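Structure first, then comments.
Since this is a predicted model, take the numbers as computed values, not measurements. Order of the sequence lines fixes the chain letters, A, B, ..., with proteins taken first and strands second; residue numbering starts at 1 for each chain.
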2 protein chains.
Amino acid sequence: MRYSRQRESILSILQATESHPTADWVYDKVRREISNISLGTVYRNLAQLEEMGQIRRINADGQSRFDANLSPHDHFRCLTCSSIFDIHMSHDDMTAGLPADVPFKVTGINLELLGVCNECQIKEIKGENSHVA
Amino acid sequence: MRYSRQRESILSILQATESHPTADWVYDKVRREISNISLGTVYRNLAQLEEMGQIRRINADGQSRFDANLSPHDHFRCLTCSSIFDIHMSHDDMTAGLPADVPFKVTGINLELLGVCNECQIKEIKGENSHVA
DNA sequence: ATCATAAACAGTAATAGTTACCATTAAGTT
DNA sequence: AACTTAATGGTAACTATTACTGTTTATGAT
């Protein structure tokens, strides 16, 4: 992977915020530094940075949001305004005694495990989908 | 809410599967019963059923998936083929001793709390966003 | 049973977020 | 400095979803 000013700028913008921004928000910000940067470049680099494990993708409603904070943590998402807040709490605490001191009205939990299913692992061994991401 | 054959059909299709289908999959299925049903009708009804709490929406990658199984459970999503599987396990077990007997290679957990943030609760009281979903 | 009302519809157009394409630029190597 | 090719900017295309509009239909009242 070759260095690029665009990617560096995108990453540092993400690292400087705690707001879990969308690609569009990043685009607006990075344009102040690189005025003619293309939106496609922003998307491409966000995908690459995710692939390299330098940022996390959160998919809320219809949009991706990005987070450069790699310390293990979870998120609270407001169903009204779509804001995302960091939650630093053990999963046990979260599901057991749900937040009393937290200014959120929590109405639901989405827990999702990610990985590779059995069938895909088998195919992987057979080399059948080396072409799949 | 008025009865409609279309909505009934959509709901019963969802209740008959464990595959967490997309709107498009539901559309294909329901067309076998109501051949001229419109895709817009499928989307509208899925949104209404969700609103009424009769189905759950799961948002994976760029698409919504739907689940009529209302018993509390979580999901495993394959990063390769996008399949979603039900996980019936306590959150404690899930995050503590992660699945050993399960045929998934688990590489990540997304836990997301949903609800209404402090700011939105205040606005709600003031009646400022009665127009917001 | 007929009628009136508006919810729900089918069909289509429009939108939003994202990806693909391609000619040009520039990072890194020789 | 010349070369190779990853990465870019600009634009077109694509996919999932929503909005619009005239028509149909469920349902409650006459």
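Within the structure, every side-chain polar atom (N or O) of B:R2 is placed at least 4.0 Å from both OP1 and OP2 of C:dA6. Phosphate contact (OP1/OP2 of C:dA26, side-chain N/O of A:S4, threshold under 4.0 Å): absent. Using a 4.0 Å cut-off, some side-chain N or O of B:Q6 falls inside it from OP1 or OP2 of C:dA10. In terms of phosphate contacts, B:N36 brings no side-chain nitrogen or oxygen within less than 4.0 Å of OP1 or OP2 of C:dC9.
Using a 4.0 Å heavy-atom distance criterion, A:Y3 is classed as a sugar-phosphate-only contact. Nucleic acid contact class of B:T22 (heavy atoms, under 4.0 Å, all strands): none. Here A:N45 lies in heavy-atom contact (under 4.0 Å) with sugar-phosphate atoms only.
Within the model, atoms CD1 of A:I84 and CD1 of A:I58 stand 4.5 Å from one another, a figure rounded to the nearest 0.5 Å. One distance of note links SG of B:C78 with CD of A:Q121; it measures 8.5 Å at 0.5 Å rounding. The distance from the CG atom of B:L49 to the CZ atom of B:F66 is 9.5 Å, given to the nearest 0.5 Å.
Of the possible polar contacts, one joining the B:S12 side chain to the B:S9 backbone as a donor-acceptor pair under 3.5 Å is found. No donor-acceptor pair closer than 3.5 Å links the side chain of A:R7 to the backbone N or O of A:N45. Panel note: side chain A:D61, backbone A:Q63; no donor-acceptor pair is recorded below 3.5 Å.
At whole-Å resolution of the value, CG in B:L46 and P in C:dC9 are 11 Å apart. The separation between A:D24 atom CG and C:dT15 atom P is 16 Å, rounded to whole Å. Separating the CZ atom of A:R65 from the C1' atom of C:dG17 is a distance of 13 Å, rounded to the nearest angstrom. For B:R5 and C:dA7, the CZ to C1' distance is 17 Å, given to the nearest whole Å. Regarding B:Y43, its OH atom lies at a distance of 18 Å from the P atom of C:dA13, rounded to whole Å. Between B:Q63 atom CD and C:dT19 atom C1' there is a gap of 15 Å when expressed in whole angstrom units. In this entry the distance linking CD of A:E51 with P of C:dT19 reads 13 Å, nearest Å.
Taking the nucleotide of DNA chain D with the nearest heavy atom to each of A:L39 and B:M1, the more 5' of the two is matched to A:L39. Positionally, the nearest nucleotide of DNA chain C for B:R44 lies more toward the 5' end than for the other of A:G40 and B:R44. Nearest-nucleotide positions on DNA chain D for B:A47 and A:S38 put A:S38 closer to the 5' end.
Between B:F85 and B:F76, the angle of the ring planes lies from 30° to 60°, which puts this pair in the tilted group.
Running 5' to 3' along DNA chain D, contacts with non-hydrogen atoms of chain B at under 4.0 Å begin and end at D:dA16 to D:dT27.
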